[in-house]
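Single-structure report; data block below.
Indexing begins at 1, ligand by ligand and atom by atom, following the structure's order. The residues of the chain are indexed from 1 along the displayed sequence. Since the structure is predicted, the reported quantities are computational estimates derived from the model, not experimental observations.
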Amino acid sequence: MKKLWKGIPILSLAVVLVLTACGSNKSNSANSSNSAPAGSSAPASSAVPEGPKYNFRLAETHPADYPTTKGDQKFAELVKERSNGRITIDVFPGSQLGEEKAVIEQVQLGAIEFTRVSAGALGGFNKEYEAFSLPYIFDNEDHQWKFLNSEDGTKLLDSLESSRMKGLAYYSSGSRNFYSSKPLNSIKDLKGLKIRVQQNKVNIDLMNALGANATPMPYGEVFGALQTGIIDAAENNFPSYLTSNHYQKAKNLILDQHQRVPEVLLISKLAWDKLNPEDQQLIKQAALDSVATQREEWSKFEKDAEAKVRESGVNIVEVSDLKPWQDAVKPMIERYRAEFGAILDAIDKARN
Ligand code: GTR
């Protein structure tokens with residue numbers, strides 16, 4: 001009896017106490033911002049599989065039924081399943097934890113562990129990610145995925161470490177097109193328009209190249225800015241154009257497909273460094289395995305979104321010849337070759 005009391009209880013008591021703390025933290029995850037950066041941890045016991053216990057948060061801009069959110073959820077599900085419930089990730093959709101730029105800052109500090117953001121938003125934090133905002137560098141989705149899945153694409157995920165993040169996987173995001181409250185029949189109609197862009201420098205140069213004025217602002221402010229006329233136009237893919245309701249305010253859409261900016265699922269470097277190698281591997285693999293789900297959901301949702309936008313009576317202009325668009329941005333791309341030569345060469349190489 002005495003032996004039992006001496007041998008086991010201190011550890012058991014510690015397990016009970018820490019598990020209770022984790023439980024209460026989990027029950028109200030929306031309020032868990034005061035928790036330790038990399039989640040809470042507890043020693044192993046017979047009830048909990050080997051390794052520390054974690055409850056993490058993942059910030060997502062889009063609503064719950066959006067394909068990126070479905071990818072996030074699949075990722076969280078796989079992590080939970082493969083860790084036998086030891087590692088849980090609560091997904092917070094709809095910008096509940098903030099706009100992308102603010103979330104990335106929190107991720108750098110370790111206050112939010114995971115996020116799914118656009119490579120366009122990362123461009124404001126990591127120079128190399130600006131390359132994704134260069135126009136017409138990918139021929140199509142297939143070409144883009146060949147690059148993302150290549151060694152160079154993986155290197156780029158890893159390069160986020162210099163910005164206190166760790167890239168885990170890419171997700172699909174289709175192509176971006178301009179839309180405006182003013183008529184958009186050709187490239188000439190962009191001249192002089194105030195166009196909202198994702199917050200990075202390449203986008204500002206791109207708007208200049210097209211004769212427009214760039215207005216960088218957070219995604220969540222675009223609807224109001226279109227409504228009040230602070231901006232004349234914005235640009236995005238079909239799913240975002242639909243779910244943000246921008247299509248209700250900017251009813252002229254031109255399918256110029258100027259950019260293909262991938263989505264990125266990532267973890268705070270601070271949180272990553274606190275994980276043991278087995279948990280790092282589990283998380284990395286779960287992220288990669290969630291890509292198939294996200295891509296399936298993406299191709300379904302992209303078609304549905306396009307159909308809904310068309311039904312809504314938006315005026316859609318197809319672009320049969322992209323040459324004038326590509327010619328307009330050529331000098332800009334050539335200028336950026338000095339900075340992004342290696343990435344651009346790798347993207348070109350992925351074409352074969
Ligand atoms: C969407 C992307 C969002 C956000 C948004 C934007 O395509 O999925 O994460 O970056 O674009 O334009 O800000």
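For R116, a nitrogen or oxygen atom sits less than 3.5 Å from a nitrogen or oxygen atom of ligand 1, counting backbone and side chain alike. At a 3.5 angstrom cut-off on N or O pairs, Y66 does not count as close to ligand 1. An N or O contact shorter than 3.5 Å is missing between E235 and ligand 1 by distance. At least one N or O atom of Q198 sits closer than 3.5 Å to an N or O atom of ligand 1.
With respect to atom 10 (O) of ligand 1, the closest heavy atom belonging to the protein is E100 OE1, 2.8 Å. Among all non-hydrogen protein atoms, the one lying nearest atom 12 (O) of ligand 1 is R196 NH1, 2.7 Å. Of all protein heavy atoms, the one closest to atom 7 (O) of ligand 1 is N236 OD1, 2.7 Å.
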Apply the test side-chain hydrogen bond (donor to acceptor under 3.5 Å, both in side chains) to residues Y219 and S95: give CA-CA distance (whole Å), side-chain angles for both, the deciding distance (0.1 Å), then the verdict.
-> CA-CA 10 Å; Y219 184 53; S95 295; over 6 Å; no
Could you walk me through whether N55 and D90 pass the side-chain hydrogen bond (donor to acceptor under 3.5 Å, both in side chains) check?
-> CA-CA 7 Å; N55 176 225; D90 296 325; 3.1 Å; yes
side-chain hydrogen bond (donor to acceptor under 3.5 Å, both in side chains) evaluation trace for H258 with Y136 | CA-CA 6 Å; H258 55 277; Y136 303 113; 5.5 Å; no
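Within 6.0 Å of NZ in K101 there are 12 or fewer heavy atoms belonging to other residues, nucleotides or ligands.
In this pair, Y179 and H246 present their aromatic rings tilted. The plane angle is within the 30 to 60° band.
Residues T68 and Q294 bring no donor and acceptor atom of their side chains to less than 3.5 Å of each other.
Against a heavy-atom cut-off of under 4.0 Å, E263 is close to the following atoms of ligand 1: 2 (C), 8 (O), 9 (O). Shown in contact with S240 at under 4.0 Å from a heavy atom are these atoms of ligand 1, numbered in order with element: 1 (C), 7 (O). Those atoms of ligand 1 that come under 4.0 Å of a heavy atom in S118, given as number and element, are 9 (O), 10 (O).
The cationic group of R164 does not satisfy the cation-pi geometry with W272, failing either the under 6.0 Å distance to the six-membered ring centre or the 45° limit from the ring axis.
Checking side-chain atoms of S240 against main-chain N and O of N237 turns up no donor-acceptor pair under 3.5 Å.
The only member of I89, L265, T115 that meets side chain to side chain contact (heavy atoms under 4.5 Å, CB included) when paired with D72 is L265.
With a 4.0 Å heavy-atom cut-off, ligand 1 is reached by no atom of V261.
Using 4.0 Å as the threshold, R176 has a heavy atom nearer than that to some atom of ligand 1. In this structure, G120 does not count as a contact residue of ligand 1, since none of its heavy atoms falls inside 4.0 Å of the ligand.
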